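Remarks on the structure that follows.
Here is how names work: the chains are called A, B, and so on, in the same order as the sequence lines, proteins then strands, and each is numbered from 1. Both backbone and side-chain heavy atoms feed into the values below; hydrogens, waters and symmetry mates do not. Keep in mind that this is a model prediction, so the values were computed, not measured.
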Amino acid sequence: MHSSSSARWAILDKMALDENIYNLRKDKLRQIEALGQFAYPYKYEPTHSIPEILTQYGEKPAEQLEANRVDVRVAGRIMAIRLMGKAGFAHIQQQGQRLQIYVKKDAVGDKGFELYKLLDIGDHVGVRGYLFRTRTGELSVHVEELTFLAKDLLPLPEKWHGLTDVELRYRQRYVDLFVNPEVRDVFVKRSQIVKAIRAFLDARGFIEVETPMMQPIAGGAVAKPFITHHNTLDIDLYLRIAPELYLKRLIVGGLERVYEINRNFRNEGISTRHNPEFTMLEFYQAYADYKDLMDLTEEMLSSVAREVSGSAITKFGEHEIDWTKWERLSMREAIIKFWPEAAGAKPEMSDFATQQSMDALVKRLNAHHHPHMPYDPQDPVGKTIAAMFEHLAEAHLIQPTFIYDFPLAVSPLSKNKREPEERAEWVERFELYVAGMEIANAFSELNDPEEQRRRFEQQLVERARGDSEAHQMDEDYIRALSYGMPPTGGEGIGIDRLTMLMTGSESIRDVILFPLLRPEKQSVPEDAESAEA
RNA sequence: GGGCGCGUAGCUCAAUUGGCAGAGCAACUGACUCUUAAUCAGUAGGUUGAAGGUUCGAUUCCUUCCGCGCUCACCA
């Protein structure tokens with residue numbers, strides 16, 4: 001325990017570090033070297049992985065293994081170890097799966113057994129030997145040669161309860177991943193989901209592209225951006241809140257089917273459903289409208305669910321989500337459907353038409369229904385309708401449900417409805433809700449550059465009114481539209497939330513490997529600090 | 001940001017009305033050549049998140065702060 005090492009401990013101080021254990025294990029490592037092993041060897045050549053051994057020999061009866069001896073070399077991390085005098089058992093783990101090894105002094109020799117006695121839970125080893133079944137029938141490796149591969153200098157979580165401290169799990173995901181197999185499973189599944197989506201879109205002629213993460217104007221969504229700075233150009237840039245406007249520029253450029261799966265950054269709250277950086281799929285298809293996208297979405301998500309879960313039904317909390325049963329409701333229909341009885345007669349479609357009728361509707365609702373929906377009479381009618389929908393309906397939308405036809409006031413990038421009587425106030429847009437969560441947002445893309453300019457100008461008015469999230473003017477985007485964009489449908493799907501639904505994870509932090517946390521305090525003792533200052 | 005809850009050994013948790021801070025696992029020493037939560041014997045491990053207050057006495061009660069979780073708001 002030299003004082004010079006104290007800085008090294010500082011950051012690990014609170015995080016399950018026992019300096020004594022660390023030093024004891026370093027000493028064991030020296031003893032292992034003294035036995036002729038490398039402390040940090042360069043490679044090991046296994047003949048099988050543990051999962052391979054389990055699938056190939058997991059069912060083989062003991063007699064067969066005896067009759068045709070199977071020699072293997074296999075490596076893994078020790079997850080359990082039992083020593084009994086001159087023999088012992090251990091379980092080694094690879095890819096979340098465990099295999100038992102049997103180490104007998106007679107079989108591995110004095111030095112081999114000395115090494116075995118110096119091993120700790122968490123160490124990496126390679127073993128050469130043959131497969132057999134123990135008296136209880138467990139497939140095991142009868143070890144003839146033990147090779148040390150790497151030492152775990154830090155103690156692992158207690159073996160019954162494992163790593164349960166939620167903060168530690170997120171901070172030390174590297175431990176979480178090998179200690180909790182179900183955590184590993186979630187991230188393997190996440191990878192399969194993304195892979196399945198790519199395969200689905202690739203098969204339909206989409207090409208995958210990458211567009212700027214750092215943008216001079218944070219557009220394509222309504223959200224607060226992160227700001228960063230480029231030194232040489234001496235300009236502020238925004239981390240993108242959406243790739244939308246760039247992807248549509250590509251549609252103008254003739255890349256008729258494009259998609260991007262990548263990170264968005266929004267400088268907003270953190271919750272079980274929100275991480276400041278999150279992954280979105282956005283895809284755009286020329287010559288398609290929003291109805292086409294609903295069909296495509298149904299097809300895509302039901303096939304992804306089937307591929308990844310082996311079933312179109314996934315469990316999420318209390319709910320069973322059936323990815324083959326889709327509902328479609330207009331936003332106004334949803335408000336009517338979930339209108340609370342206490343608030344009197346259900347609204348008529350005409351109630352959504354004017355400022356006065358909406359005002360009356362909100363007052364009737366808030367007079368009888370708690371909690372009150374937030375309401376600013378100065379807001380455009382459309383904004384109030386959208387707020388009412390979220391207030392009344394969102395939480396009820398458990399099975400996959402498309403909510404379509406949004407107010408123009410909350411949709412600066414969507415195309416007006418084609419029906420003449422609704423053109424002025426409504427747009428062709430839908431959102432997909434599952435388990436009360438919004439997981440997709442799509443529309444027939446507005447491709448009239450002059451209408452787009454008017455929409456941006458309206459957003460600037462909202463901005464002046466104090467809505468800091470209202471969309472900024474993007475002249476280059478209008479210029480791009482002015483070159484002519486074909487009719488196009490575009491959609492964004494939240495990959496993190498989709499993964500939550502398909503893996504039964506009720507927090508977004510359980511599907512993001514390293515969710516944003518407050519930085520760890522570096523707890524250096526105060527007197528040590530002042531002594532060195 | 002608001003509300004609720006939690007913080008005790010490396011880990012998971014106890015501690016009676018406010019009365020000597022404990023257990024299991026992990027660690028260390030010893031025994032044990034088919035164990036699997038191995039077993040048996042022994043040893044060590046603590047500024048009870050921090051500071052202050054009440055009290056003869058605080059892990060326990062009060063205040064403030066710090067950290068974390070849940071939840072509401074904002075949002076996808």
With a 4.0 Å cut-off on heavy atoms, is [X] in touch with a base, just the backbone sugar-phosphate, or nothing at all?
{"X": "A:E431", "value": "nothing"}
{"X": "A:S140", "value": "nothing"}
{"X": "A:N275", "value": "base"}
{"X": "A:F113", "value": "nothing"}
{"X": "A:K104", "value": "base"}
{"X": "A:I439", "value": "nothing"}
{"X": "A:G269", "value": "base"}
{"X": "A:R98", "value": "nothing"}
{"X": "A:N441", "value": "nothing"}

Would you mind pulling out the nucleotide paired to [N], Watson-Crick or G-U wobble, both distances under 3.5 Å?
{"N": "B:rA23", "answer": "B:rU12"}
{"N": "B:rU60", "answer": "none"}
{"N": "B:rC65", "answer": "B:rG49"}
{"N": "B:rU54", "answer": "none"}

Between A:F200 and A:F283, ring centroids under 6.0 Å: no
Test: [X] and [Y] ion pair at under 4.0 Å:
{"X": "A:R328", "Y": "A:E298", "result": "yes"}
{"X": "A:E462", "Y": "A:R465", "result": "yes"}
{"X": "A:R69", "Y": "A:E144", "result": "yes"}

Between [N] and [M], how far apart are the two [atom1] atoms, rounded to whole Å?
{"N": "B:rG49", "M": "B:rU8", "atom1": "P", "result": "6 Å"}
{"N": "B:rA38", "M": "B:rU33", "atom1": "C1'", "result": "14 Å"}
{"N": "B:rU17", "M": "B:rG3", "atom1": "P", "result": "30 Å"}
{"N": "B:rC62", "M": "B:rG24", "atom1": "C1'", "result": "34 Å"}
{"N": "B:rA15", "M": "B:rA23", "atom1": "P", "result": "15 Å"}

Indicate whether OP1 or OP2 belonging to [N] is found under 4.0 Å from a side-chain N or O atom of [X].
{"X": "A:K86", "N": "B:rA31", "value": "no"}
{"X": "A:R171", "N": "B:rC68", "value": "yes"}
{"X": "A:R82", "N": "B:rA38", "value": "yes"}

Got A:V70 and A:L65 here, is their nearest side-chain heavy-atom distance under 4.5 Å? yes
Does the side-chain ring of A:F278 lie flat on the base of B:rA76, meaning centres under 5.5 Å and planes less than 30 degrees apart? yes
